[in-house]
Structure formats: structure tokens, C-alpha cells
Amino acid sequence: MPDKKLNFSGFSSVAIHAGHEPDPNYAHLTPIYASSTYVFDEAEQGMRRFSGEEKGYIYGRWGNPTITEAEEKIAALESFGVTAEDGNPIELKAILHASGMAAISTLMISNLQSGDKVLTHYSLYGGTQELLEKVLPPLGINMIVADLRDVDQAAELINAHPDIKMLYLETPANPTIQCVDLDELTRLAKTKKLLVAVDNTFATPYLQQPFKYGVDFVVHSTTKFLNGHGTAIGGVLLGTDLEKMNGRVTKVHRLLGGNSNAFDAFLLIQGMKTLEIRMERHGHNAVEVAAFLEAHPAISKVNYLGLASHPDFYTAAKQMRHPGAMLSFELRDGFEASKQFIDKLQMCVRAVSLGTCDTLLCHPASMTHHGVPKEKREQYGITDGLIRMSVGIENVQDIIMDLEQALANDNG
Ligand SMILES: *Cc1c(COP(=O)(O)O)cnc(C)c1O
């Protein structure tokens, strides 16, 4: 049997091999373990499993071999090349969940209690924002929202509110692809021993590794680039404090019941193997698409981290390998023109979500934020003409051709 414990020097080698255990029946790929429970040879073995004396699966909500492979692969990617203060490689524990929201819920509920506050910023993923706004406050957990691109303001808030327990960051984030500085904010948080959690969904570990800066937790919606093909909803919570991850966090995960399943884990494993080549292609394409859009007369603004005009260009350059595949842009002619543009697309797909092989575009003002009053929308940068785009890995000339024909003013 091959030794998968080699120290690979490349990201893709890790993505392809990490976490894989040889199958007892010599299957090439880890099978989908479609089994809700696991058998004991004898009662004694059951006892040993329950007490933790013997490793082994017991019940599907607690774990499954297909899920374990996905978890170990993500942990290997988020920790790839990252060393702790003592110079040794960091060790991470990953827990796969049914969705990104399930992972974020486990994070919050296992780390916070009544009276605690979360310091976070504008432009969080909508579901996270609502969790913090509607689900956690009745449990006594509240949030403070600020523009955390202003580190001095963050410091003032942390000093003024000793009940802040966690800094929750998402970078880059919708709708204008804003970034916050992971290094500076984590340093600041650590002066007060705050927990730091980062949603790394848009970047993926290929473009950005928050654990480099000493954060405590990373969450992903694996639904997006990690799966990469839009075939399954999923999420993961990773942490450095193994005692806590194996203790309180595992307990909360198991009891809230947001576990993943073997089918989705299988799809995720296959998707992650090509993460590097997909992200390279996504990024190359996005650079060209952004340049095309920036030069187009119908477009007044392009928000892409690879453009020097983006206010967070330097923050992104500092902490990301590449500006990535997410961008947004504004059509000069507003709401109706944007709807028409979206309707005229032929190859690119009209859909929310992101990170799939195909290019996805959505018009938040008529879709995700349709019910939100215009003034409130605009506070978050969602203007009538804003289009969000997840640049796919098609041949870029075809993406541009489609955008060009959809933008063409052929009414007259
Ligand atoms: C999609 C998304 C989530 C939520 O993930 P689900 O898998 O839909 O539950 C959280 N954060 C970000 C940045 C996302 O894009």
C-alpha cells in the first residue's frame, strides 16, 4: 500500500492524496459509505468504542469514513505549509457539516454564551448576517457591526466593549468584493485574547490561508469552490485548538445534528482534487473579464481585487495568492438595463451561488435583495445596476463574447 504520509511540496499533490486511506477491498476511490450505523464484534468492543479507548465508527451522525477523508483533505489544504510560532507545522481538526450555515452555527454556539458579543463587519454573507441578527440575540449573543477595514476603529471598539469574545471576518466578501486585513486584525484581537474566525469561502485555501495569521477557526461553504461543480451543499469548520475541537465543538456539532453525508462528501472529495487548476483558470479568466468590463462604455464601475482601482487592492495583494474569481460591476443605466442584460445572456448562467465550472451571474436588486428597501440595499453597496459574477473556467473568449452581446445596445 502506498505511503500517503510523504511530505508533498505541492498544493495539488496534497489536494489529490491527503486524507485517503487504502480501501480494504482495494477500491481505487474511497467508497460512499451509505450506512447509518456500525456494528460491534461484541459488547466489549462497543464499550471500548464508546469510551474512546478504541477508534472506530459508531453512528452516522458522529462520523463516516467518506466524511473523514473529506475532512482530512480540507485540513491538509488549510494547513499546507503553515507553521506555528514554534516552527512546527500546525495541526488542524476539520468537521464537515451539512452546509456552510451549519458549520457557522456550530462555530457560534460552541464558542459563545449569553452576554458575549461578536465583532464583525458589513457585507457578511446574508445567511450569516441573519443568524447573528435573528437567531443568536434571543440566546443573549449579540453583534457589533463596523467597518473593520479601519483597524483603529476596531481597536477602539474592542477596548470599549470587554464583552466582545469573537472577531468574525469574511474576506473577500460580497457585494463589492471587500477585504479586511487578516494579519492586522488578528494581531489586534490576540492582544485581548479574542477568538478569531474567518469565512474563507471566496478565497479557498489555494488563494488564502487564514491560519498563517494565527486565527482560531476557519469556516467554508464547501458548496462553492471547494466542491467546484455545484453538486452538493456542504460546509466545514476547522480549528487549531484540538482539545476544544475534539471536545466542546464536536459535542455541539453532534447534538445540533448538522452532519454531512457520505454522498456529498464523496462529491466534495473529487471536487477538491482539482482545486488548484480550477482556481488558476478561474483567476486567469477573471483578470481578462475584469479588463474587458472596465473598458466597456455601458459599465460605470468594476469591483475586482486585481484592479488597482479597488480600495482593497493592497490588502488582497498582501494576503491572497491571486485576486480570485469573484467580481461585481455596475451598469450605467440602472435597474431595467441590468435586468435586460441578465436576460440576454446565452452561455453564462443566471443563478445565485458561486464557484462552479460555469460562469454565474446574478442581479441582487431583482433577485437576492429584491425585498430589501432601496436605501437599505444601497447601504450595503447593492445599487440598482449592480451585477455579481462568479467567473467560470470556460474558455475566456466565450465568456467575453457572451457578455459583449448581452451588453450591446441593439434596441435602435
Ligand atoms: C454560500 C455561503 C455561505 C453559506 O453556505 P451554505 O453552504 O449555503 O450554507 C456562507 N458564507 C459564504 C461566503 C457563502 O458564499
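For ligands, and for the atoms within them, numbers begin at 1 and follow the listed sequence. Each residue takes its place number in the sequence, starting with 1. It should be emphasised that the depicted structure is a prediction, and the values quoted were computed from it without experimental measurement.
- The protein heavy atom nearest to atom 8 (O) of ligand 1 is Tyr125 OH, 3.8 Å.
- For ligand 1, the polar-atom distance check finds no N/O of Phe202 at less than 3.5 Å from any of the ligand's N/O atoms.
- No donor-acceptor pair under 3.5 Å is formed between the side chain of Thr315 and the backbone N or O of Cys179.
- Close contacts of ligand 1 with Asp199, meaning ligand atoms under 4.0 Å from a residue heavy atom, involve 10 (C), 11 (N), 12 (C), 13 (C).
- Between Leu195 and Leu167 there is no side-chain heavy-atom pair separated by less than 4.5 Å.
- For ligand 1 and Ser221, the ligand atoms under 4.0 Å from any heavy atom of the residue are 1 (C), 2 (C), 3 (C), 4 (C), 5 (O), 6 (P), 7 (O).
- In summary, the atoms of ligand 1 found under 4.0 Å from a heavy atom of Thr223, numbered by their order in the structure, are 7 (O).
- Taking a cutoff of 4.0 Å between a charged side-chain nitrogen and a carboxylate oxygen, Arg377 and Asp384 qualify as a salt bridge.
- Counting heavy-atom neighbours within 6.0 Å of Glu85 CD, excluding the residue itself, gives a total of 12 or less.
- Of the protein's non-hydrogen atoms, Gly100 N, 3.3 Å is the one closest to atom 6 (P) of ligand 1.
- Heavy-atom contacts of Gly234 reach the following atoms of ligand 1: 7 (O) (cutoff under 4.0 Å).
- Looking only at side-chain heavy atoms (C-beta outward), Leu403 and Met389 come within less than 4.5 Å of each other.
- The shortest contact between atom 2 (C) of ligand 1 and any protein heavy atom is with Lys224 NZ, 2.5 Å.
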Exercise. Please walk me through it: do Asp183 and Lys212 pass salt bridge (Lys or Arg N to Asp or Glu O under 4.0 Å)?
Worked result: CA-CA 8 Å; Asp183 189 21; Lys212 265 189 200 162; over 6 Å; no
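- For ligand 1 and Glu170, the ligand atoms under 4.0 Å from any heavy atom of the residue are 13 (C).
- A 6.0 Å sphere centred on CD of Gln153 holds more than 12 heavy atoms belonging to other residues, nucleotides or ligands.
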